[in-house]
Chemist: 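Pasting in a structure now, in structure tokens, and then I'll have a few things to ask.
On a predicted model such as this, the values are computed, not experimentally measured, just so you know. Atoms considered below: every heavy atom in the structure, side chains included; atoms not considered: hydrogens, waters and symmetry mates.
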Number of protein chains: 2
Amino acid sequence: MQMDERKQKVLSAIIRDYVSTAEPVGSRTIARKYNLGVSPATIRNEMSDLEELGFIEQPYTSAGRIPSDGGYRYFVDCLMEREQLNDSELIVVRESLHDHLEVNMLMQQATDLLSQMTNYTAVVLSPEVGKTTFRQMQLIPIQPNKAVAVVITSAGIVESKILDIPEFLSATDLKKVARFINRSLMGLSLDKVRMALFRELAEKLKKEEQVLSQALEVIDEALKAEGQERVYLSGTLNIFKQPEFKDVEKIQTLLGILQEQNTVRHILNETSKHGINVKIGLENDHQGFRNCSMITATYQVDGETLGVIGLIGPTRMEYSKAMAAVETLTDQLSLVLRKYFRR
Amino acid sequence: MQMDERKQKVLSAIIRDYVSTAEPVGSRTIARKYNLGVSPATIRNEMSDLEELGFIEQPYTSAGRIPSDGGYRYFVDCLMEREQLNDSELIVVRESLHDHLEVNMLMQQATDLLSQMTNYTAVVLSPEVGKTTFRQMQLIPIQPNKAVAVVITSAGIVESKILDIPEFLSATDLKKVARFINRSLMGLSLDKVRMALFRELAEKLKKEEQVLSQALEVIDEALKAEGQERVYLSGTLNIFKQPEFKDVEKIQTLLGILQEQNTVRHILNETSKHGINVKIGLENDHQGFRNCSMITATYQVDGETLGVIGLIGPTRMEYSKAMAAVETLTDQLSLVLRKYFRR
DNA sequence: TGTTAGCACTCTTAGATAATGAGTGCTAAC
DNA sequence: GTTAGCACTCATTATCTAAGAGTGCTAACA
């Protein structure tokens, strides 16, 4: 059996209706609301075909039809018209995400915007800190035997960690180490800094002053701990708006998953091919998302992928609007982050 | 009517039973489980009295009794024995919260611990940054016309903000400003720094070099923005464990409130008298918490209150255990934070 | 051959009714 | 003052029925 134009129209109508009402759609409803110029009986025949093709299904005998995962897939691939955000939304995005913001803020803002515009749950993975470039390190004594190591990067991200300092290291020693490090590492990416740290520096310093190399070890550890992408989350409460999640247990499971940053990071990294990406229902690897659809897209600078934006909603999702929002945000992030991450 | 010893025992039994089962308690149950040496009929009489006293109530005629807010209040004030955390829990607390941690980490850790140990929702307000003392400020150029201002405090907290720098300020100018600020402000509390910034410094600098005073304005703004206590939240999903919150709407409202950091901050600051504090049901000002009880306590250093710890659960709460946990954590926090906040 | 009207059939949902059972309050006896 | 006995209340559950939405099939129609 083939999809002809009328079948497409019927499927499209079913999906549009179900997306907005969340109720199974009957033949009469379609005949009434979407004038295809044929009677309910004809539509019933078409629906029967669509069911055989696997695009729609009945929750039970003699209820209306609801789209299947496959139906949504066909809709997204072949029927849906891609749309743009409207002008006022575009303005909001551009004005909210500008290069005055420190990267943390920028990411949180982007996540908030995405969930507000779509009413779904937004997730963003920030760039790995390792991909920014090193600007400066400070070692500042704050208490006897304690100092803060502060790392400033081109993204304005500041990583800091409290270090234990052995007694025999004076404030002057600390300054010396910092100055030495800064001279040597300026402008390198943090990934390279970490590589370089042990090999070259520790080497050199050991010859000159064995004392200082100890400080380096601690710093290396501090850097190692901060390597991963951060997870930003917003609009988790939007889940409650969806009738498919009126069940407490479903909400609980989903919220549970979303709170595990490692899981979220993993899921997003897995799905993040270049460009925009839609996973519908069972297409999702993680079984906690089998009721959900997830739209992801990567943002990049100079061809290098820096992070992922994700949007999670029910399979009964406004794909066109959602994709437009995700796409706009990745574009804007890519644009703004150029200043921080360009090599 | 007076509370005699037997009434107390009956009330205590009702509360203990209801806390663990969440089901209305009948006279037979009490006679069976808690051997008071009297028959159900006698207990019924006592229960009738307790109801008249306002300590228990019936959800409907001929159901068992459940404790009222007043009943819990009497229990907490007069009947309950205060307990301690057990040894293994104490060890966990002490080992998890030590002074190697940066303050942010410390707070998050404390919040997590509190919710894990109690199975309720934990909220912690961090010390206001203004109460730490100033150690050092750096102004680091990262792009043309942009610099990061980094403030390092005695708590190891690093606040950073990206500043727009006018063209005519050179890197050398920036260094000069930073050096000047550091010389002048070292050791002051951040509150005082902010006060001092405009009055003295801007004054002096204006005379010497009008250019640099502009940089100061931006820095002042950066400081202003970071003044508030941070809100740490953990164990929100524990709400789902409570049968009184099996209703989706109740969960939603509560989660909604908890996500508004300003509201939470306000509520916690309101209730935070010195020492440990229990608000039961309607005693809570915020009406979203009328089903809840909240245990709060402040932690302090050198007599100065730095922040608040809160624990939120249903009124049907294990008060004794919960209070023990809150108290232990405030003590430990007070202890650890001495190193960072002592004047 | 494709389209449509008609109709019997299915299955959920909502509402009504009845049975169950836990628990009380009251009375009278101990 | 305590207790046994008993009638009464009311939520909960199960069962049943009626209503309604929607289908699938058949037969007629263009």
Chemist: Rounded to the nearest Å, what distance is computed from the CG atom of residue N45(A) to the C1' atom of nucleotide dG24(D)?
Modeler: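 To the nearest whole Å, that distance equals 9 Å.
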Chemist: If pairing requires Watson-Crick or G-U wobble contacts with both distances under 3.5 Å, which nucleotide is the partner of dT10(C)?
Modeler: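 The base-pairing partner of dT10(C), which may sit in any strand shown, is dA21(D).
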Chemist: Once you round it to whole Å, what is the distance between P of dT13(C) and CD of E23(A)?
Modeler: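 After rounding, the reported distance stands at 10 Å.
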Chemist: Please round to the nearest 0.5 Å and tell me the distance separating atom OG of S234(A) and atom CG of L114(A).
Modeler: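 Reported to 0.5 Å precision, the distance equals 8.5 Å.
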Chemist: Does T42(A) put a side-chain nitrogen or oxygen below 4.0 Å from OP1 or OP2 of dT4(C)?
Modeler: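 It does, given that an N or O in the side chain of T42(A) lies less than 4.0 Å from OP1 or OP2 of dT4(C).
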Chemist: Please determine, for the side chain of S27(B), which listed nucleotide (dT23(D), dT24(C), dA4(D)) has the closest atom?
Modeler: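 Among the listed nucleotides, the one closest to the side chain of S27(B) is dT24(C).
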Chemist: Among dG25(C), dT3(D), dT23(D), which is the nearest nucleotide to the side chain of V38(B)?
Modeler: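 So the side chain of V38(B) is nearest to dT3(D).
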Chemist: Please give, in whole Å, the distance from dA21(D) P to R65(A) CZ?
Modeler: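 It is 17 Å, rounded to the nearest whole Å.
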Chemist: Would you mind telling me which residue lines up with the more 5' stretch of DNA chain D, G64(A) or R6(B), judged by nearest nucleotide?
Modeler: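 The answer here is R6(B).
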Chemist: Roughly, in whole Å, what's the span from CD1 in I30(B) to C1' in dT24(C)?
Modeler: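 Atom CD1 in I30(B) sits about 13 Å away from atom C1' in dT24(C).
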Chemist: Could you tell me how far apart R28(B) (CZ) and dG25(C) (P) are, to the nearest whole angstrom?
Modeler: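 Atom CZ in R28(B) sits about 16 Å away from atom P in dG25(C).
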Chemist: Picking from dC11(C), dG5(D), dT2(D), which would you name as closest to the side chain of T61(A)?
Modeler: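 So the nucleotide nearest the side chain must be dC11(C).
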Chemist: Using heavy-atom distances to pick each residue's nearest nucleotide on DNA chain D, tell me which of T29(A) and A41(A) is more 5'.
Modeler: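 On the 5' side of the pair lies T29(A).
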Chemist: Distance check, rounded to the nearest 0.5 Å: N291(B) atom CG versus T315(B) atom OG1?
Modeler: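 Nearest 0.5 Å value for the CG-OG1 distance: 7.0 Å.
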Chemist: Tell me the interatomic distance from I56(B), atom CD1, to dG23(C), atom P, rounded to whole angstroms.
Modeler: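 Checked: the CD1 to P distance equals 14 Å.
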Chemist: Enter the distance from T271(B):OG1 to E283(B):CD here, rounded to the nearest 0.5 Å.
Modeler: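 So the gap between those two atoms works out to 12.0 Å.
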Chemist: Sort out for me which residue in F75(B), Y72(B), Y120(B) forms a ring pair (Phe, Tyr, Trp, His ring centres under 6.0 Å) with Y319(B).
Modeler: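 Answer after filtering F75(B), Y72(B), Y120(B): Y72(B).
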Chemist: Counting only heavy atoms not in E318(B), do more than 12 fall under 6.0 Å of its CD?
Modeler: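 No, the 6.0 Å shell around CD holds no more than 12 heavy atoms from other groups.
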Chemist: Starting at CD1 of I66(A) and ending at P of dT23(D), how long is that distance when rounded to a whole Å?
Modeler: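 Taking CD1 of I66(A) and P of dT23(D), I get 13 Å after rounding.
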Chemist: Please report, rounded to the nearest Å, how far the P atom of dG23(C) is from the CZ atom of R44(B).
Modeler: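 The answer, rounded to whole Å, is 11 Å.
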Chemist: Counting only side-chain heavy atoms from C-beta out, which of dG23(C), dA4(D), dA5(C) sits nearest to S62(B)?
Modeler: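 For S62(B), the side-chain atoms sit closest to dG23(C).
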Chemist: Just name whichever nucleotide pairs with dA29(C), Watson-Crick or G-U, keeping both distances under 3.5 Å, else none.
Modeler: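 Pairing partner: dT2(D).
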Chemist: Considering every strand shown, what is the Watson-Crick or G-U wobble mate of dA11(D) when both distances are under 3.5 Å?
Modeler: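 Checking every strand shown, dA11(D) finds its partner in dT20(C), with both distances under 3.5 Å.
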